[in-house]
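This structure is in C-alpha cells; I'll ask about it shortly.
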Amino acid sequence: MPELPEVEVTRLSFAERIADARILAVRMGKPLRWPLGAEPTALLGLTVMAVRRRGKYLLVDLSKGWLLLIHLGMSGSLSFAVELPPAGVHDHFELFTTHGTLRLHDPRRFGAVVLTEGESSDMAEKLLGRLGVEPLGDGFGIGEFHAGLKRRNVSVKQVLLAGDVVVGVGNIYASEALFLAGIRPTTKASRISLARAAKLRAAIRDVLARAVTRGGSTLRDFSSADGQTGYFQLDAMVYGRAGEPCRQCFNPIRQLRQGQRSTFYCGVCQT
DNA sequence: AAAAGCCCCTGGATGC
DNA sequence: TGCATCCAGGGGCTTT
C-alpha cells in the first residue's frame with residue numbers, strides 16, 4: 001500500500017491533532033517486522049512534539065529526545081481518533097494519548113514501530129541512514145539524480161524502487177512516473193541521458209504531488225488516519241491496467257516482472 | 001561492491 | 001463447497 005503519497009497523506013491527517021498530546025498507555029499486539037527496541041513503558045508520560053516523514057517512514061518526535069519510527073510496510077494503515085472501534089486481531093500497536101488513540105492496523109505485519117533515542121541513535125541511523133533524497137524537496141537535483149542513475153547497472157525501475165537514489169517511489173508510482181517520462185522500465189539506469197533523467201525527475205515529482213492531492217491510492221483498504229480513502233488509483237495511466245488500452249495511444253498496456261514485482265508500461269508510448 | 005533471490009505474513013482472487 | 005495456487009502497495013538479509 002503505502003508509498004510516499006500514502007504516508008504523507010497519513011501524516012497530514014493526524015499530525016496537528018496529535019501535537020502536544022501526552023502518552024497515557026501503550027498496547028502492543030503480535031510482533032511486527034522489528035521489536036520496539038525499548039521498553040514500552042519508556043513511552044509513558046512523553047509528549048508528542050511533531051510528526052515528520054522521511055521516505056516511507058513516519059517520525060514521531062517525542063519529548064526527552066525520544067523518536068518513534070513508524071513504517072506501514074505493505075498492508076499497514078494508521079487511525080487516530082478520540083474514540084476508535086474495539087481493536088481487532090490485526091491492530092498491533094496502540095498509543096493512548098490525551099488527544100486520542102493512534103492505532104496501527106497491519107494484517108501482514110511487514111510494518112514496524114521502533115522507539116529510539118533520537119534521530120542519531122544507532123537504530124535510527126541504521127533504518128534511515130541509507131535513504132536517498134526526498135523527491136519533493138529542494139535537494140532533488142537533476143545532476144545528482146542523473147549521476148545516481150549513471151552508476152547503476154540495473155533497470156531504471158529497480159533503481160527507483162531501491163530507494164537509495166530517491167526515496168518514496170514504490171511499485172505504483174515507479175510505473176506511473178516512467179510512463180509520464182516516456183521511458184521503458186527495463187532501460188538500464190546507466191544508459192539514461194541527462195535529458196531523460198530530467199524528464200523522469202519531473203515526472204516523479206509530478207505524480208507524487210498529484211497523488212498526495214488525491215489522498216493517495218486505495219487499491220484495497222488504505223485509508224488515512226481520519227478514515228479517508230484515496231482516489232489516485234482512478235488516475236493511474238498504467239498500474240494495474242494490463243491488457244487495457246493505453247490512455248494515450250490505445251494500444252494494450254503490458255505487464256512484466258522485474259525483481260519479483262509487477263511492472264506496467266505502454267510498449268508504444270515508452271521507449 | 002553490486003546485483004539477484006529469498007523471505008517475512010495474511011487474505012483475497014482465481015482455478016480445478 | 002473445498003482446496004491449492006498465485007498475487008499484493010516493502011525492504012532487509014543472504015548468497016552470488
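The basis for the numbers below is simple: all heavy atoms, side chains too, and nothing from hydrogens, waters or symmetry mates. Below, chains carry the letters A, B, ... as their sequence lines are ordered, and counting in each starts from 1.
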- prompt: Tell me: CZ of A:R257 to C1' of B:dG5, nearest whole Å?
  reply: 13 Å
query: Please give, in whole Å, the distance from B:dA4 C1' to A:Q258 CD?
result: 13 Å
- request: Would you indicate, yes or no, if B:dA2 has its OP1 or OP2 atom less than 4.0 angstrom from a side-chain nitrogen or oxygen of A:R152?
  value: no
message: At less than 4.0 Å, is any side-chain N or O atom of A:R109 found next to OP1 or OP2 of B:dC7? Yes or no.
response: no
Under-4.0 Å side-chain N/O to phosphate OP1/OP2 contact, A:R108 with B:dC8: no
message: Just N and O in the side chain of A:S75: are any of them under 4.0 Å from OP1 or OP2 of C:dA8?
response: no
Value in whole Å for how far the P atom of C:dA8 lies from CD of A:Q255: 7 Å
- prompt: Of all heavy-atom pairs between A:P185 and A:L178, which one has the smallest distance, and what is that distance?
  reply: CA-CD1, 3.8 Å
message: Looking at C:dG10, I'd like to know if its phosphate oxygens (OP1 or OP2) sit under 4.0 Å from a side-chain N or O belonging to A:R33.
response: no
query: According to a strict under-4.0 Å criterion, is A:H90 in side-chain N/O contact with OP1 or OP2 of B:dG11?
result: yes
query: In whole Å, what is the span from the CG atom of A:D221 to the P atom of B:dG11?
result: 11 Å
- line: Winner on side-chain proximity to A:R220, out of C:dG10, B:dC9, B:dG11, is B:dG11
- prompt: Among C:dC7, B:dC9, C:dG10, which is the nearest nucleotide to the side chain of A:K56?
  reply: C:dG10
message: In whole Å, measure the gap between the P atoms of C:dC13 and B:dC9 for me.
response: 15 Å
query: When you measure from the side chain of A:F110, which nucleotide among C:dG12, B:dT10, B:dC8 comes out closest?
result: B:dC8
A:K126 or A:G170, whichever maps to the more 5' nucleotide of DNA chain C: A:G170
Below 4.0 Å: OP1/OP2 of C:dG10 and any side-chain N or O of A:H71: no
- prompt: Contact class for A:Y57 (heavy atom, under 4.0 Å): base, sugar-phosphate, or nothing?
  reply: sugar-phosphate
- request: Nearest whole angstrom, please: distance from the P of B:dT10 to the CG of A:L219.
  value: 21 Å
task: When you get a sec, tell me which of C:dG10, C:dG12, B:dC6 is the closest nucleotide to the side chain of A:Q260?
output: B:dC6
Approximate separation, where rounding is to 0.5 Å, of A:F232 CZ and A:E3 CD: 10.0 Å
message: Could you tell me how far apart A:I70 (CD1) and C:dG11 (P) are, to the nearest whole angstrom?
response: 15 Å
- request: Would you confirm whether the ring centroid of A:Y173 sits within less than 6.0 angstrom of the ring centroid of A:Y239?
  value: no
message: Would you measure the distance from the P atom in C:dC6 across to the matching atom in B:dC6 and give it in whole Å?
response: 14 Å
query: For A:Q158 and C:dG10, what is the distance between atoms CD and C1' respectively, to the nearest whole Å?
result: 14 Å
- request: Would you sort out whether A:R210 and A:D206 count as a salt bridge (charged side-chain N to carboxylate O under 4.0 Å, His left out), showing the intermediate values?
  value: CA-CA 6 Å; A:R210 276 193 295 119; A:D206 174 65; 3.2 Å; yes
- line: The Watson-Crick or G-U wobble partner of C:dG2, with both key distances under 3.5 Å, is B:dC16
Geometric class of the A:Y57/A:H71 ring pair [parallel <30°, tilted 30-60°, perpendicular >60°]: perpendicular
- prompt: How close or far is atom C1' of B:dG5 from atom CZ of A:R261, stated in whole angstroms?
  reply: 14 Å
Which nucleotide in C:dA8, B:dA3, C:dG12 has an atom nearest any side-chain atom of A:N153: B:dA3
message: For the aromatic rings, using the six-membered ring if either is Trp, is the centroid distance between A:F179 and A:Y265 under 6.0 Å?
response: no
